[in-house]
Chemist: 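Have a look at this one.
Chain letters run A, B, ... following the sequence lines, proteins first, then strands; residues in each count from 1. None of these values were measured; they are calculated from a predicted model.
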2 protein chains.
Amino acid sequence: MTPRQQRLEQQRSDILQAAASLIAQRGFHGMSMRDLAEATGFGVSSLYNYFASKEELLAELQIRAFETLIDAANDSLKDTHDAASRLYVFIFNQVRYFVDHADIMRVLIHEAAALPAEHRQRVRTLKEDYFRIGRDAVAAVFAEGCGPKESARGTVEPVALDRATYSIFGMINWVWAWYEPTLHGTPEDVARSIHSLAVCGLVARCPATPTHDQLPGSLGQRQVSLLMNRPTATK
Amino acid sequence: MTPRQQRLEQQRSDILQAAASLIAQRGFHGMSMRDLAEATGFGVSSLYNYFASKEELLAELQIRAFETLIDAANDSLKDTHDAASRLYVFIFNQVRYFVDHADIMRVLIHEAAALPAEHRQRVRTLKEDYFRIGRDAVAAVFAEGCGPKESARGTVEPVALDRATYSIFGMINWVWAWYEPTLHGTPEDVARSIHSLAVCGLVARCPATPTHDQLPGSLGQRQVSLLMNRPTATK
DNA sequence: AATTGACGAACGAACGTTCGTTCGCCAACC
DNA sequence: GGTTGGCGAACGAACGTTCGTTCGTCAATT
């Protein structure tokens with residue numbers, strides 16, 4: 001990659017990052033290209049040297065973010081094998097992504113509908129891929145059970161599995177709406193709370209569940225790449 | 001209330017309902033007053049006979065909706081006393097509201113930031129009221145435990161309680177993003193899945209928890225008033 | 001019972017502003 | 001010296017809002 005292309009790519013990333021921040025605050029329709037120009041230091045028209053249109057910009061933002069998130073999840077999961085821990089890793093991966101890139105995550109959650117029809121399908125596919133990863137992790141916990149042998153095993157009704165998976169996604173995704181580092185503990189605390197709720201609920205004591213001490217709590221050491229660096233760019 | 005005022009109130013409600021639908025689809029900034037005029041059959045300028053501005057309209061929409069939701073929750077809870085059932089009732093109340101008024105709920109979740117500063121405080125207060133209702137229900141389950149006596153009782157760390165409550169809200173609030181009646185079962189199914197996850201988690205068996213058969217499953221018979229009827233107007 | 005007049009409710013047209021986007025031109029770099 | 005990346009100016013369209021006006025309705029006055 002020539003330095004020329006590198007510079008271009010860097011500035012595309014900067015613009016996307018600024019756009020994410022503005023869109024997170026005001027919504028896609030609430031951000032104007034003039035706002036974005038001011039935030040990036042470019043002139044309005046210069047932005048069109050990097051993105052064909054405002055909608056293309058949104059599409060690229062969402063696609064990159066989802067791909068980064070999916071890759072990070074796969075990467076985190078590849079060394080963990082027992083069901084409960086895998087679920088924790090999955091949860092923590094996304095919570096961490098949230099905390100590091102709150103703006104982007106907010107855009108991902110809010111502005112799917114603002115995409116032009118052509119790009120919507122691509123994002124939907126990515127979203128389904130991501131959902132499947134989460135659902136597999138949930139299904140494994142379901143199937144394995146947490147108790148020694150007395151707990152129920154086997155398959156679950158698919159619809160119920162979907163509902164449970166969506167609910168767990170809900171816990172994670174909702175983090176953007178409330179999490180304040182100074183008030184609500186570390187990202188690890190949040191991930192543990194969610195994981196504990198998902199596996200054991202509010203009240204149950206689930207003896208065979210790995211204590212959270214045993215879980216890969218320092219997962220965060222491998223820093224997720226800056227949002228906009230595609231996986232190929234990080235190695 | 002004169003028929004004159006009644007008619008006016010009715011049309012205000014109609015406009016708000018139409019606005020909710022449009023805002024749910026396109027976001028607040030994505031809906032123009034011309035869109036709203038077309039959807040309601042009014043001329044653009046006539047809308048200003050009912051609302052002072054676009055922002056006032058959003059504020060009124062959110063305030064009415066929250067008040068309706070809070071009243072419905074309090075109403076549903078007043079006859080239920082054991083902790084687990086109260087949590088179920090709370091969950092189901094909101095899930096039902098979701099299913100009946102998906103548009104409004106979506107606006108409630110997405111467009112809080114689009115409010116002018118003056119109205120934001122009012123909505124925030126309502127939101128905090130509602131949060132407290134949910135947190136009390138969660139705290140009671142926490143404190144009471146579900147098992148006979150071997151389960152832990154007593155108070156929980158407040159921060160952990162908040163995290164758990166927010167997570168449960170997350171499950172409920174995320175319903176808007178995925179629930180499709182033809183795919184995912186009845187609203188009762190959804191509420192039961194969430195309640196089960198909240199109380200018992202994915203795998204634990206929690207003997208003393210009331211089976212869902214015993215829970216007020218037919219809560220839905222008392223239909224929540226149409227969104228826009230303020231509590232004072234329903235009696 | 002007919003006339004009047006005040007008023008609520010609707011409208012189309014137009015306001016000034018801001019929107020996303022395009023164009024032509026200029027400076028800097030290979 | 002051509003290519004790239006930058007800009008201000010300008011575009012038509014759409015934005016939220018206001019304005020002057022009209023047209024029923026209905027109570028009070030004749």
Side-chain angles (χ1 to χ4, degrees), chain A residues 1-23 25-62 107 111 113-119, chain B residues 1-23 25-62 107 111 113-119:
Chain A
M1 188 189 278
T2 85
R4 200 62 171 248
Q5 288 171 310
Q6 238 167 357
R7 204 179 84 97
L8 185 132
E9 189 57 30
Q10 178 59 48
Q11 292 190 292
R12 283 172 63 93
S13 287
D14 291 346
I15 294 171
L16 285 175
Q17 177 58 59
S21 169
L22 290 171
I23 295 174
Q25 290 171 44
R26 311 199 244 263
F28 177 68
H29 295 288
M31 175 199 76
S32 74
M33 294 301 275
R34 286 165 180 81
D35 294 336
L36 185 57
E38 190 175 7
T40 54
F42 285 106
V44 204
S45 49
S46 303
L47 298 173
Y48 287 85
N49 292 331
Y50 297 94
F51 299 96
S53 72
K54 194 188 177 193
E55 281 180 342
E56 290 270 359
L57 191 150
L58 176 65
E60 178 121 4
L61 178 56
Q62 295 204 24
V107 174
E111 306 293 344
L115 280 177
E118 11 158 358
H119 297 298
Chain B
M1 187 190 280
T2 85
R4 202 65 174 252
Q5 287 172 310
Q6 240 166 357
R7 205 179 84 99
L8 186 133
E9 190 56 30
Q10 178 60 47
Q11 291 189 292
R12 280 172 66 92
S13 288
D14 291 346
I15 293 172
L16 286 175
Q17 176 60 57
S21 170
L22 290 171
I23 295 174
Q25 290 170 44
R26 311 201 245 267
F28 178 68
H29 295 288
M31 175 199 75
S32 75
M33 294 300 274
R34 287 166 179 80
D35 293 336
L36 184 56
E38 191 174 9
T40 54
F42 285 105
V44 202
S45 51
S46 304
L47 298 173
Y48 287 83
N49 291 330
Y50 296 95
F51 300 96
S53 71
K54 194 188 178 194
E55 282 179 342
E56 289 271 358
L57 189 149
L58 177 65
E60 178 121 4
L61 178 54
Q62 295 203 25
V107 174
E111 307 293 345
L115 278 179
E118 10 159 358
H119 296 299

Chemist: Round to the nearest Å and state the distance from L8(B) atom CG to dA9(C) atom C1'.
Modeler: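 Those two atoms, CG and C1', are 9 Å apart.
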Chemist: The criterion is side chain to side chain donor-acceptor pair (under 3.5 Å); which residues satisfy it with S32(B), sequence neighbours excluded?
Modeler: D35(B)
Chemist: Which ones in residues 44-51 of chain A lie close to DNA chain D, meaning a heavy atom under 4.0 Å from one of its atoms?
Modeler: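 The answer is S45(A), S46(A), N49(A), Y50(A).
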Chemist: Using whole Å, report how far CD of E9(B) lies from P of dA9(C).
Modeler: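 It works out to 12 Å between those atoms.
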Chemist: Using the side chain to side chain donor-acceptor pair (under 3.5 Å) definition, which of the options Q11(A), Q17(A), Q10(A) pairs with D14(A)?
Modeler: Q10(A)
Chemist: Indicate whether OP1 or OP2 belonging to dG5(D) is found under 4.0 Å from a side-chain N or O atom of R12(A).
Modeler: no
Chemist: Any idea which heavy atoms bring K54(B) and H29(B) closest together, and the distance?
Modeler: NZ-CA, 4.0 Å
Chemist: Could you pull out all residues at least two apart from E55(B) that satisfy side chain to side chain donor-acceptor pair (under 3.5 Å)?
Modeler: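 Residues passing side chain to side chain donor-acceptor pair (under 3.5 Å) with E55(B): none at all.
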Chemist: Reckon Q11(A) has a side-chain N or O less than 4.0 Å from the OP1 or OP2 of dG5(D)?
Modeler: no
Chemist: Could you tell me the separation between the CD atom of Q10(A) and the P atom of dG5(D), rounded to a whole number of Å?
Modeler: 15 Å
Chemist: Does anything in residues 41-62 of chain B form a ring-ring contact (aromatic ring centres under 6.0 Å, His included)? List the pairs, not counting sequence neighbours.
Modeler: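 Found F42(B)-Y50(B).
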Chemist: For E56(A), enumerate each residue passing the side chain to side chain contact (heavy atoms under 4.5 Å, CB included) test, keeping only those at least two apart in sequence or located in another chain.
Modeler: A52(A), S53(A), H119(A)
Chemist: Identify, with sequence neighbours excluded, every residue that meets side chain to side chain donor-acceptor pair (under 3.5 Å) alongside E38(B).
Modeler: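 With sequence neighbours excluded, E38(B) shows a side chain to side chain donor-acceptor pair (under 3.5 Å) to no residue whatsoever.
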Chemist: Sort me out a list of protein N/O and nucleotides 16-19 of chain C N/O pairs below 3.5 Å, or just none if empty.
Modeler:
from    : atom 1 : to     : atom 2 : distance (Å)
dC19(C) : OP1    : S32(A) : OG     : 3.3

Chemist: Going by side chain to side chain donor-acceptor pair (under 3.5 Å), name the residues that satisfy it together with S21(B), two or more places apart in sequence or in a different chain.
Modeler: Q25(B)
